[in-house]
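Here is the structure we will look at.
Below, chains carry the letters A, B, ... as their sequence lines are ordered, and counting in each starts from 1. Here the structure is a predicted model, which means the values were calculated and not measured.
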There are 2 protein chains.
Amino acid sequence: MREDVTSAVGAYRRIKHGILDLTYRPGRKLSETTLAEQLGVGRSPIRTALARLEGEGWIEVSPQSGTFVRALSEREIGELSELRGILETHCIGLAVERLPDAELARLTAAFDELGARARRGDAEAFIELDNRLHELSYDTADNALIAQTLRGLRDKVQWIRRACAVSGSRVLDGLTEIEGIHAALVQRDAAAARARMKQHIENAARFCRMVEARPRRVRPDRAPPA
Amino acid sequence: MREDVTSAVGAYRRIKHGILDLTYRPGRKLSETTLAEQLGVGRSPIRTALARLEGEGWIEVSPQSGTFVRALSEREIGELSELRGILETHCIGLAVERLPDAELARLTAAFDELGARARRGDAEAFIELDNRLHELSYDTADNALIAQTLRGLRDKVQWIRRACAVSGSRVLDGLTEIEGIHAALVQRDAAAARARMKQHIENAARFCRMVEARPRRVRPDRAPPA
DNA sequence: AGTCGCAGACTAGTTAACAAGTTGGGCAGT
DNA sequence: ACTGCCCAACTTGTTAACTAGTCTGCGACT
(Lines give C-alpha, C1' and ligand atoms only; values in the text may rest on other atoms or scores of the structure.)
Protein backbone atom coordinates (compact mmCIF):
# COMPACT_ATOMS: atom_id res chain seq x y z
CA MET A 1 0.00 0.00 0.00
CA ARG A 2 1.11 3.53 -0.74
CA GLU A 3 3.08 5.18 2.01
CA ASP A 4 1.06 7.90 3.72
CA VAL A 5 2.32 11.35 4.46
CA THR A 6 1.31 11.22 8.10
CA SER A 7 0.01 8.47 10.31
CA ALA A 8 -3.13 10.49 10.88
CA VAL A 9 -4.25 10.69 7.25
CA GLY A 10 -3.35 7.03 6.78
CA ALA A 11 -5.51 6.13 9.77
CA TYR A 12 -8.31 8.32 8.40
CA ARG A 13 -8.21 6.56 5.04
CA ARG A 14 -8.15 3.08 6.50
CA ILE A 15 -10.89 3.69 9.06
CA LYS A 16 -13.15 5.41 6.55
CA HIS A 17 -12.52 2.61 4.09
CA GLY A 18 -13.47 0.15 6.79
CA ILE A 19 -16.73 2.02 7.39
CA LEU A 20 -17.56 2.26 3.68
CA ASP A 21 -16.97 -1.43 2.97
CA LEU A 22 -18.97 -2.37 6.07
CA THR A 23 -16.05 -3.94 7.91
CA TYR A 24 -17.12 -1.53 10.61
CA ARG A 25 -20.91 -1.65 10.52
CA PRO A 26 -23.25 1.02 11.93
CA GLY A 27 -23.40 0.85 15.72
CA ARG A 28 -20.09 -0.93 16.02
CA LYS A 29 -17.67 0.28 18.65
CA LEU A 30 -14.35 1.67 17.47
CA SER A 31 -11.83 1.54 20.30
CA GLU A 32 -9.00 4.05 19.98
CA THR A 33 -6.59 1.68 21.68
CA THR A 34 -7.52 -1.28 19.49
CA LEU A 35 -7.34 0.77 16.28
CA ALA A 36 -3.95 2.11 17.36
CA GLU A 37 -2.62 -1.40 17.85
CA GLN A 38 -4.11 -2.66 14.57
CA LEU A 39 -2.65 0.21 12.56
CA GLY A 40 0.63 0.17 14.46
CA VAL A 41 0.56 3.79 15.59
CA GLY A 42 -0.11 5.72 18.78
CA ARG A 43 -3.51 6.97 19.84
CA SER A 44 -2.97 10.57 18.72
CA PRO A 45 -3.13 9.92 14.96
CA ILE A 46 -6.21 7.79 15.60
CA ARG A 47 -7.80 10.61 17.55
CA THR A 48 -7.05 13.04 14.75
CA ALA A 49 -8.62 10.69 12.22
CA LEU A 50 -11.66 10.09 14.40
CA ALA A 51 -12.14 13.82 14.96
CA ARG A 52 -12.27 14.33 11.21
CA LEU A 53 -14.66 11.42 10.72
CA GLU A 54 -16.86 12.83 13.47
CA GLY A 55 -16.90 16.20 11.74
CA GLU A 56 -18.00 14.51 8.52
CA GLY A 57 -20.76 12.74 10.40
CA TRP A 58 -19.51 9.17 10.04
CA ILE A 59 -19.02 8.39 13.71
CA GLU A 60 -20.21 9.55 17.10
CA VAL A 61 -18.06 9.88 20.19
CA SER A 62 -19.54 9.36 23.64
CA PRO A 63 -17.17 10.84 26.22
CA GLN A 64 -15.51 8.27 28.46
CA SER A 65 -17.65 5.60 26.94
CA GLY A 66 -16.91 4.73 23.34
CA THR A 67 -16.78 5.71 19.70
CA PHE A 68 -19.44 4.28 17.42
CA VAL A 69 -20.14 4.14 13.72
CA ARG A 70 -23.24 6.22 13.19
CA ALA A 71 -26.44 4.72 11.90
CA LEU A 72 -28.60 7.15 9.97
CA SER A 73 -32.26 7.37 10.86
CA GLU A 74 -34.85 7.41 8.11
CA ARG A 75 -35.25 11.08 8.85
CA GLU A 76 -31.57 11.77 8.37
CA ILE A 77 -31.52 9.81 5.14
CA GLY A 78 -34.41 11.93 3.95
CA GLU A 79 -32.70 15.17 4.93
CA LEU A 80 -29.55 14.06 3.20
CA SER A 81 -31.44 13.23 0.02
CA GLU A 82 -33.28 16.53 0.09
CA LEU A 83 -30.02 18.48 0.28
CA ARG A 84 -28.45 16.34 -2.40
CA GLY A 85 -31.47 16.78 -4.62
CA ILE A 86 -31.32 20.55 -4.34
CA LEU A 87 -27.63 20.71 -5.21
CA GLU A 88 -27.59 18.06 -7.94
CA THR A 89 -30.57 19.71 -9.54
CA HIS A 90 -28.78 23.04 -9.44
CA CYS A 91 -25.64 21.57 -11.03
CA ILE A 92 -27.40 19.68 -13.80
CA GLY A 93 -29.39 22.79 -14.64
CA LEU A 94 -26.17 24.73 -15.08
CA ALA A 95 -24.67 21.89 -17.09
CA VAL A 96 -27.51 22.14 -19.59
CA GLU A 97 -26.60 25.77 -20.16
CA ARG A 98 -22.83 25.62 -19.94
CA LEU A 99 -21.61 22.17 -20.92
CA PRO A 100 -19.56 22.52 -24.13
CA ASP A 101 -20.69 20.38 -27.06
CA ALA A 102 -17.34 18.62 -27.17
CA GLU A 103 -17.68 17.46 -23.56
CA LEU A 104 -21.23 16.40 -24.23
CA ALA A 105 -20.08 14.33 -27.21
CA ARG A 106 -17.54 12.50 -25.03
CA LEU A 107 -20.25 11.82 -22.47
CA THR A 108 -22.49 10.46 -25.19
CA ALA A 109 -19.71 8.13 -26.33
CA ALA A 110 -19.35 6.89 -22.76
CA PHE A 111 -23.08 6.24 -22.62
CA ASP A 112 -22.87 4.23 -25.83
CA GLU A 113 -20.04 2.05 -24.59
CA LEU A 114 -20.60 1.74 -20.84
CA GLY A 115 -24.39 1.83 -21.17
CA ALA A 116 -24.35 -1.34 -23.25
CA ARG A 117 -22.20 -3.11 -20.68
CA ALA A 118 -24.42 -1.87 -17.84
CA ARG A 119 -27.51 -3.15 -19.63
CA ARG A 120 -25.91 -6.61 -19.66
CA GLY A 121 -25.71 -6.39 -15.85
CA ASP A 122 -22.24 -4.91 -15.39
CA ALA A 123 -22.70 -2.95 -12.15
CA GLU A 124 -19.20 -1.48 -12.36
CA ALA A 125 -20.00 0.04 -15.75
CA PHE A 126 -23.14 1.63 -14.35
CA ILE A 127 -21.27 3.12 -11.41
CA GLU A 128 -18.58 4.47 -13.74
CA LEU A 129 -21.20 6.05 -15.96
CA ASP A 130 -23.08 7.53 -13.01
CA ASN A 131 -19.83 9.01 -11.72
CA ARG A 132 -18.98 10.51 -15.11
CA LEU A 133 -22.37 12.19 -15.38
CA HIS A 134 -22.30 13.66 -11.88
CA GLU A 135 -18.66 14.72 -11.91
CA LEU A 136 -19.12 16.40 -15.26
CA SER A 137 -22.01 18.41 -13.90
CA TYR A 138 -19.93 19.37 -10.84
CA ASP A 139 -17.10 20.57 -13.05
CA THR A 140 -19.48 22.57 -15.16
CA ALA A 141 -21.14 24.15 -12.16
CA ASP A 142 -17.66 25.44 -11.33
CA ASN A 143 -18.18 25.70 -7.58
CA ALA A 144 -15.65 23.75 -5.51
CA LEU A 145 -17.63 24.18 -2.29
CA ILE A 146 -20.79 22.68 -3.74
CA ALA A 147 -18.82 19.92 -5.49
CA GLN A 148 -17.09 18.98 -2.25
CA THR A 149 -20.39 18.93 -0.39
CA LEU A 150 -21.97 16.75 -3.06
CA ARG A 151 -19.08 14.27 -3.06
CA GLY A 152 -19.48 13.87 0.68
CA LEU A 153 -23.21 13.29 0.28
CA ARG A 154 -22.61 10.77 -2.49
CA ASP A 155 -20.23 8.82 -0.25
CA LYS A 156 -23.02 8.62 2.30
CA VAL A 157 -25.67 7.57 -0.19
CA GLN A 158 -23.52 4.80 -1.63
CA TRP A 159 -22.70 3.66 1.90
CA ILE A 160 -26.40 3.60 2.78
CA ARG A 161 -27.12 1.57 -0.32
CA ARG A 162 -24.55 -0.98 0.67
CA ALA A 163 -25.72 -1.11 4.28
CA CYS A 164 -29.28 -1.69 3.06
CA ALA A 165 -28.20 -4.28 0.49
CA VAL A 166 -30.39 -2.78 -2.19
CA SER A 167 -31.15 -5.27 -4.91
CA GLY A 168 -29.19 -5.35 -8.16
CA SER A 169 -32.26 -4.46 -10.19
CA ARG A 170 -31.62 -0.88 -9.13
CA VAL A 171 -28.81 -0.94 -11.68
CA LEU A 172 -31.18 -1.20 -14.64
CA ASP A 173 -33.62 1.32 -13.19
CA GLY A 174 -30.75 3.65 -12.40
CA LEU A 175 -29.39 3.30 -15.90
CA THR A 176 -32.75 4.25 -17.39
CA GLU A 177 -32.84 7.30 -15.13
CA ILE A 178 -29.42 8.63 -16.02
CA GLU A 179 -30.03 7.92 -19.70
CA GLY A 180 -33.05 10.17 -19.39
CA ILE A 181 -30.92 12.88 -17.82
CA HIS A 182 -28.38 12.50 -20.60
CA ALA A 183 -31.11 12.83 -23.21
CA ALA A 184 -32.29 16.06 -21.58
CA LEU A 185 -28.71 17.33 -21.67
CA VAL A 186 -28.48 16.58 -25.38
CA GLN A 187 -31.74 18.37 -26.02
CA ARG A 188 -30.55 21.26 -23.83
CA ASP A 189 -33.78 21.00 -21.89
CA ALA A 190 -32.99 22.38 -18.44
CA ALA A 191 -36.43 21.80 -16.95
CA ALA A 192 -36.46 18.12 -17.97
CA ALA A 193 -32.89 17.58 -16.79
CA ARG A 194 -33.65 19.07 -13.38
CA ALA A 195 -36.89 17.13 -12.97
CA ARG A 196 -35.28 13.83 -13.95
CA MET A 197 -32.29 14.44 -11.70
CA LYS A 198 -34.64 15.16 -8.79
CA GLN A 199 -36.43 11.91 -9.42
CA HIS A 200 -33.13 10.06 -9.74
CA ILE A 201 -31.93 11.32 -6.35
CA GLU A 202 -35.24 10.53 -4.67
CA ASN A 203 -35.17 6.99 -5.99
CA ALA A 204 -31.58 6.49 -4.90
CA ALA A 205 -32.13 6.48 -1.16
CA ARG A 206 -35.73 5.35 -0.94
CA PHE A 207 -37.05 2.54 1.21
CA CYS A 208 -33.87 2.30 3.23
CA ARG A 209 -33.65 1.61 6.92
CA MET A 210 -30.24 1.12 8.40
CA VAL A 211 -29.58 -1.93 10.48
CA GLU A 212 -27.09 -1.43 13.28
CA ALA A 213 -24.56 -4.09 14.16
CA ARG A 214 -25.80 -4.14 17.75
CA PRO A 215 -28.42 -2.31 19.71
CA ARG A 216 -27.00 0.47 21.81
CA ARG A 217 -28.13 3.33 23.96
CA VAL A 218 -28.54 6.84 22.71
CA ARG A 219 -25.67 9.19 23.21
CA PRO A 220 -25.40 10.64 26.73
CA ASP A 221 -25.07 14.09 25.16
CA ARG A 222 -23.54 15.88 28.08
CA ALA A 223 -23.14 19.15 26.32
CA PRO A 224 -24.87 20.88 23.44
CA PRO A 225 -22.46 21.59 20.56
CA ALA A 226 -21.39 25.20 20.15
CA MET B 1 -17.76 32.51 31.81
CA ARG B 2 -19.64 29.23 31.74
CA GLU B 3 -17.61 26.19 32.64
CA ASP B 4 -16.91 24.03 29.61
CA VAL B 5 -17.44 20.31 29.51
CA THR B 6 -13.99 19.62 28.14
CA SER B 7 -10.93 21.74 27.58
CA ALA B 8 -11.15 20.97 23.87
CA VAL B 9 -14.61 22.45 23.32
CA GLY B 10 -13.67 25.42 25.47
CA ALA B 11 -10.59 25.98 23.33
CA TYR B 12 -12.72 25.60 20.19
CA ARG B 13 -15.18 28.23 21.37
CA ARG B 14 -12.53 30.71 22.42
CA ILE B 15 -10.41 30.34 19.30
CA LYS B 16 -13.40 30.56 16.98
CA HIS B 17 -14.62 33.59 18.89
CA GLY B 18 -11.20 35.13 18.44
CA ILE B 19 -11.39 34.54 14.70
CA LEU B 20 -14.93 35.92 14.42
CA ASP B 21 -14.22 39.11 16.35
CA LEU B 22 -11.02 39.61 14.33
CA THR B 23 -8.68 39.23 17.30
CA TYR B 24 -7.08 36.64 15.05
CA ARG B 25 -7.16 38.22 11.59
CA PRO B 26 -6.90 36.28 8.32
CA GLY B 27 -3.33 35.19 7.65
CA ARG B 28 -2.32 35.38 11.29
CA LYS B 29 -0.31 32.54 12.72
CA LEU B 30 -1.87 30.51 15.50
CA SER B 31 0.81 28.70 17.48
CA GLU B 32 -0.39 25.61 19.31
CA THR B 33 2.10 26.17 22.10
CA THR B 34 1.15 29.81 22.56
CA LEU B 35 -2.58 29.08 22.51
CA ALA B 36 -2.06 26.30 25.04
CA GLU B 37 -0.30 28.68 27.40
CA GLN B 38 -2.89 31.42 26.93
CA LEU B 39 -5.80 29.08 27.60
CA GLY B 40 -3.98 27.24 30.37
CA VAL B 41 -4.27 23.75 28.89
CA GLY B 42 -2.01 21.27 27.15
CA ARG B 43 -1.55 21.08 23.41
CA SER B 44 -3.91 18.15 22.85
CA PRO B 45 -7.16 20.03 23.47
CA ILE B 46 -5.83 22.82 21.27
CA ARG B 47 -5.07 20.32 18.52
CA THR B 48 -8.57 18.89 18.81
CA ALA B 49 -10.06 22.36 18.52
CA LEU B 50 -7.83 23.27 15.59
CA ALA B 51 -8.70 20.05 13.78
CA ARG B 52 -12.37 20.93 14.03
CA LEU B 53 -11.78 24.50 12.89
CA GLU B 54 -9.77 23.18 9.96
CA GLY B 55 -12.63 20.88 9.02
CA GLU B 56 -15.01 23.84 9.07
CA GLY B 57 -12.64 25.77 6.83
CA TRP B 58 -11.62 28.49 9.26
CA ILE B 59 -7.92 27.72 9.42
CA GLU B 60 -5.20 26.01 7.42
CA VAL B 61 -2.44 23.87 8.86
CA SER B 62 0.95 23.66 7.19
CA PRO B 63 2.86 20.67 8.58
CA GLN B 64 5.94 21.54 10.60
CA SER B 65 5.44 25.15 9.71
CA GLY B 66 2.42 26.82 11.22
CA THR B 67 -1.32 27.17 11.52
CA PHE B 68 -2.93 30.16 9.89
CA VAL B 69 -6.34 31.81 9.86
CA ARG B 70 -7.66 31.36 6.34
CA ALA B 71 -8.37 34.29 4.10
CA LEU B 72 -11.13 33.70 1.58
CA SER B 73 -10.48 34.60 -2.02
CA GLU B 74 -13.10 36.48 -3.99
CA ARG B 75 -13.82 33.22 -5.74
CA GLU B 76 -14.44 31.38 -2.47
CA ILE B 77 -16.69 34.17 -1.25
CA GLY B 78 -18.66 33.87 -4.45
CA GLU B 79 -18.96 30.09 -4.14
CA LEU B 80 -20.07 30.44 -0.56
CA SER B 81 -22.72 32.97 -1.50
CA GLU B 82 -23.96 30.80 -4.34
CA LEU B 83 -24.46 27.83 -2.03
CA ARG B 84 -26.09 30.00 0.58
CA GLY B 85 -28.37 31.53 -2.00
CA ILE B 86 -29.55 28.14 -3.18
CA LEU B 87 -30.34 26.90 0.31
CA GLU B 88 -31.84 30.11 1.72
CA THR B 89 -34.04 30.38 -1.34
CA HIS B 90 -35.18 26.80 -0.84
CA CYS B 91 -36.00 27.41 2.81
CA ILE B 92 -37.88 30.66 2.30
CA GLY B 93 -39.90 29.03 -0.46
CA LEU B 94 -40.97 26.30 1.92
CA ALA B 95 -41.70 28.87 4.62
CA VAL B 96 -44.18 30.60 2.32
CA GLU B 97 -46.08 27.33 2.02
CA ARG B 98 -45.73 25.96 5.52
CA LEU B 99 -45.28 28.80 8.00
CA PRO B 100 -48.33 28.85 10.30
CA ASP B 101 -50.25 32.11 10.48
CA ALA B 102 -49.58 32.37 14.20
CA GLU B 103 -45.83 32.26 13.68
CA LEU B 104 -46.12 34.77 10.87
CA ALA B 105 -48.06 37.12 13.13
CA ARG B 106 -45.29 36.96 15.73
CA LEU B 107 -42.72 37.71 13.05
CA THR B 108 -44.77 40.68 11.89
CA ALA B 109 -44.86 41.99 15.44
CA ALA B 110 -41.10 41.70 15.61
CA PHE B 111 -40.79 43.61 12.35
CA ASP B 112 -42.99 46.38 13.78
CA GLU B 113 -40.96 46.75 16.93
CA LEU B 114 -37.38 45.94 15.89
CA GLY B 115 -37.81 47.41 12.42
CA ALA B 116 -38.53 50.83 13.87
CA ARG B 117 -35.42 50.65 16.03
CA ALA B 118 -33.33 49.45 13.09
CA ARG B 119 -34.55 52.34 10.98
CA ARG B 120 -33.25 54.70 13.64
CA GLY B 121 -29.81 53.15 13.13
CA ASP B 122 -29.86 50.38 15.75
CA ALA B 123 -27.63 47.76 14.10
CA GLU B 124 -28.31 45.25 16.88
CA ALA B 125 -32.03 45.42 16.19
CA PHE B 126 -31.41 44.74 12.51
CA ILE B 127 -29.23 41.74 13.24
CA GLU B 128 -31.81 40.37 15.66
CA LEU B 129 -34.52 40.78 13.06
CA ASP B 130 -32.42 39.20 10.33
CA ASN B 131 -31.71 36.25 12.62
CA ARG B 132 -35.39 35.80 13.44
CA LEU B 133 -36.36 35.73 9.79
CA HIS B 134 -33.69 33.25 8.77
CA GLU B 135 -34.03 30.95 11.77
CA LEU B 136 -37.79 30.86 11.33
CA SER B 137 -37.37 29.73 7.73
CA TYR B 138 -34.85 27.07 8.81
CA ASP B 139 -37.28 25.74 11.40
CA THR B 140 -40.06 25.64 8.86
CA ALA B 141 -37.93 23.87 6.28
CA ASP B 142 -37.56 21.16 8.93
CA ASN B 143 -34.20 19.83 7.73
CA ALA B 144 -31.48 19.84 10.39
CA LEU B 145 -28.72 19.12 7.89
CA ILE B 146 -29.57 22.11 5.73
CA ALA B 147 -30.10 24.32 8.77
CA GLN B 148 -26.71 23.37 10.17
CA THR B 149 -25.03 24.02 6.81
CA LEU B 150 -26.71 27.40 6.55
CA ARG B 151 -25.72 28.44 10.07
CA GLY B 152 -22.10 27.66 9.22
CA LEU B 153 -22.34 29.71 6.04
CA ARG B 154 -23.93 32.59 7.91
CA ASP B 155 -21.06 32.60 10.39
CA LYS B 156 -18.69 32.94 7.47
CA VAL B 157 -20.66 35.69 5.78
CA GLN B 158 -20.89 37.76 8.95
CA TRP B 159 -17.18 37.24 9.50
CA ILE B 160 -16.43 38.39 5.96
CA ARG B 161 -18.55 41.46 6.48
CA ARG B 162 -16.60 42.35 9.58
CA ALA B 163 -13.24 41.67 7.97
CA CYS B 164 -14.22 43.93 5.08
CA ALA B 165 -15.54 46.65 7.36
CA VAL B 166 -18.66 47.10 5.29
CA SER B 167 -20.26 50.47 5.89
CA GLY B 168 -23.15 50.90 8.26
CA SER B 169 -25.45 52.02 5.48
CA ARG B 170 -25.85 48.31 4.68
CA VAL B 171 -28.10 48.19 7.72
CA LEU B 172 -30.79 50.33 6.11
CA ASP B 173 -30.48 48.59 2.74
CA GLY B 174 -30.57 45.22 4.45
CA LEU B 175 -33.64 46.22 6.42
CA THR B 176 -35.44 47.19 3.24
CA GLU B 177 -34.52 43.83 1.73
CA ILE B 178 -35.78 41.69 4.59
CA GLU B 179 -38.93 43.80 4.88
CA GLY B 180 -39.55 42.91 1.25
CA ILE B 181 -39.10 39.23 2.05
CA HIS B 182 -41.45 39.56 4.99
CA ALA B 183 -44.05 41.22 2.80
CA ALA B 184 -43.82 38.33 0.32
CA LEU B 185 -44.31 35.90 3.21
CA VAL B 186 -47.43 37.75 4.31
CA GLN B 187 -48.81 37.67 0.78
CA ARG B 188 -47.86 33.99 0.55
CA ASP B 189 -46.02 34.77 -2.69
CA ALA B 190 -43.33 32.09 -3.02
CA ALA B 191 -41.82 33.40 -6.25
CA ALA B 192 -41.35 36.90 -4.84
CA ALA B 193 -39.96 35.59 -1.56
CA ARG B 194 -37.43 33.43 -3.35
CA ALA B 195 -36.36 36.19 -5.73
CA ARG B 196 -35.97 38.73 -2.95
CA MET B 197 -34.05 36.29 -0.77
CA LYS B 198 -31.70 35.57 -3.67
CA GLN B 199 -31.09 39.28 -4.11
CA HIS B 200 -30.59 39.71 -0.36
CA ILE B 201 -27.90 37.01 -0.27
CA GLU B 202 -26.13 38.36 -3.32
CA ASN B 203 -26.01 41.83 -1.82
CA ALA B 204 -24.73 40.53 1.48
CA ALA B 205 -21.30 39.43 0.33
CA ARG B 206 -20.76 41.72 -2.62
CA PHE B 207 -17.71 43.87 -3.20
CA CYS B 208 -15.66 42.15 -0.55
CA ARG B 209 -11.99 41.41 -0.71
CA MET B 210 -10.36 40.03 2.39
CA VAL B 211 -7.26 41.72 3.72
CA GLU B 212 -4.84 39.37 5.42
CA ALA B 213 -3.02 40.43 8.57
CA ARG B 214 0.32 39.76 6.91
CA PRO B 215 1.46 38.54 3.55
CA ARG B 216 2.44 34.90 3.57
CA ARG B 217 3.44 32.18 1.25
CA VAL B 218 1.09 29.67 -0.20
CA ARG B 219 0.77 26.39 1.61
CA PRO B 220 3.55 23.88 0.87
CA ASP B 221 0.92 21.27 0.19
CA ARG B 222 3.10 18.23 0.56
CA ALA B 223 0.39 15.72 -0.07
CA PRO B 224 -2.85 15.67 -2.02
CA PRO B 225 -5.88 15.25 0.26
CA ALA B 226 -7.57 11.87 0.28
C1' DA C 1 -35.25 -15.20 43.61
C1' DG C 2 -34.61 -10.46 43.06
C1' DT C 3 -32.16 -6.16 43.87
C1' DC C 4 -28.79 -3.13 45.24
C1' DG C 5 -23.95 -1.85 45.52
C1' DC C 6 -19.32 -2.18 44.71
C1' DA C 7 -15.16 -3.22 42.26
C1' DG C 8 -12.52 -3.95 38.28
C1' DA C 9 -11.83 -3.39 33.54
C1' DC C 10 -12.74 -0.81 30.19
C1' DT C 11 -13.44 4.10 27.76
C1' DA C 12 -11.91 8.79 26.05
C1' DG C 13 -9.47 13.20 27.80
C1' DT C 14 -5.22 15.26 28.88
C1' DT C 15 -0.38 15.99 29.68
C1' DA C 16 4.59 16.36 28.90
C1' DA C 17 8.52 14.79 26.54
C1' DC C 18 10.47 13.67 22.27
C1' DA C 19 10.89 13.44 16.95
C1' DA C 20 11.06 15.40 12.50
C1' DG C 21 10.68 19.17 9.61
C1' DT C 22 10.67 24.29 8.30
C1' DT C 23 12.15 28.90 8.67
C1' DG C 24 14.95 32.86 9.03
C1' DG C 25 18.94 35.25 10.55
C1' DG C 26 23.79 35.64 10.85
C1' DC C 27 28.28 34.61 9.47
C1' DA C 28 31.89 33.34 6.29
C1' DG C 29 33.62 33.37 1.81
C1' DT C 30 33.84 35.60 -2.49
C1' DA D 1 28.49 44.71 -1.03
C1' DC D 2 26.66 40.39 -2.15
C1' DT D 3 25.84 35.40 -2.11
C1' DG D 4 25.45 31.01 -0.15
C1' DC D 5 25.67 27.98 3.67
C1' DC D 6 24.62 26.65 8.22
C1' DC D 7 22.81 26.58 12.64
C1' DA D 8 19.53 27.73 16.14
C1' DA D 9 14.86 28.50 17.20
C1' DC D 10 10.36 27.33 16.41
C1' DT D 11 6.73 24.69 14.13
C1' DT D 12 3.53 20.60 14.06
C1' DG D 13 3.47 15.25 14.51
C1' DT D 14 3.73 11.40 17.57
C1' DT D 15 4.22 8.65 21.67
C1' DA D 16 3.38 6.75 26.28
C1' DA D 17 1.89 7.56 30.84
C1' DC D 18 -1.59 9.33 33.60
C1' DT D 19 -6.51 11.08 34.82
C1' DA D 20 -11.20 10.77 35.22
C1' DG D 21 -15.47 9.01 33.93
C1' DT D 22 -18.53 4.91 32.44
C1' DC D 23 -20.10 0.35 32.11
C1' DT D 24 -20.49 -4.55 33.36
C1' DG D 25 -20.77 -8.34 36.06
C1' DC D 26 -20.25 -10.54 40.34
C1' DG D 27 -21.58 -10.96 45.08
C1' DA D 28 -23.84 -9.91 49.22
C1' DC D 29 -27.98 -8.55 51.25
C1' DT D 30 -33.05 -8.37 51.48
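- At the phosphate of dA12(C), OP1 or OP2 sits under 4.0 Å from a side-chain N or O atom of Thr67(A).
- Looking only at atom types and distance, the side chain of Ser65(B) has no donor-acceptor partner in the side chain of Ser62(B) under 3.5 Å away.
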Could you run down the sub-3.5 Å N/O contacts of the protein with nucleotides 16-20 of chain D?
none

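- With rounding to whole Å, Leu39(B) atom CG is found 12 Å from dT14(C) atom P.
- In this entry the distance linking OH of Tyr12(A) with C1' of dG13(D) reads 19 Å, nearest Å.
- As rounded to whole Å, 8 Å separates atom P of dG13(C) from atom CD of Glu54(A).
- For dT14(C), the OP1/OP2 oxygens have a side-chain nitrogen or oxygen of Ser7(B) closer than 4.0 Å.
- Every residue meeting the side-chain contact (heavy atoms from CB on, under 4.5 Å) condition with Glu135(B), not counting sequence neighbours, appears here in chain and number order: Tyr138(B), Arg151(B).
- Considering only side-chain atoms of Lys29(A), the nucleotide from dT11(C), dA12(C), dT12(D) that sits closest is dT11(C).
- Atom CD of Glu113(A) and atom CG of Leu129(A) lie 9.5 Å apart (nearest 0.5 Å).
- Judged by the 6.0 Å distance and 45° axis criteria, Lys156(B) is positioned over the aromatic ring of Trp58(B).
- Put simply, the side chain of Asp130(A) reaches to within 4.5 Å of the side chain of His200(A), judged on heavy atoms.
- Leu30(A) comes within 4.0 angstrom of sugar-phosphate atoms only, judged by non-hydrogen atoms across all strands, and of no base.
- Residue Ser31(B) places its side chain closer to dT11(D) than to any other of dT14(D), dT14(C), dT11(D).
- Under a 4.0 Å N-O distance rule, the pair Asp142(A)/Arg98(A) does not qualify as a salt bridge.
- Across the protein-nucleic acid pair, Glu60(A) atom CD and dA12(C) atom P stand 13 Å apart, rounded to whole Å.
- Remark: Glu82(A) pairs with His90(B), Asn143(B) by the side chain to side chain donor-acceptor pair (under 3.5 Å) rule, at least two apart or across chains.
- Contact annotation: Ser65(B) does not reach the phosphate of dT12(D) (side-chain N/O to OP1 or OP2, under 4.0 Å).
- Between the C1' atom of dT11(D) and the CD1 atom of Ile46(B) lies a distance of 15 Å, rounded to the nearest Å.
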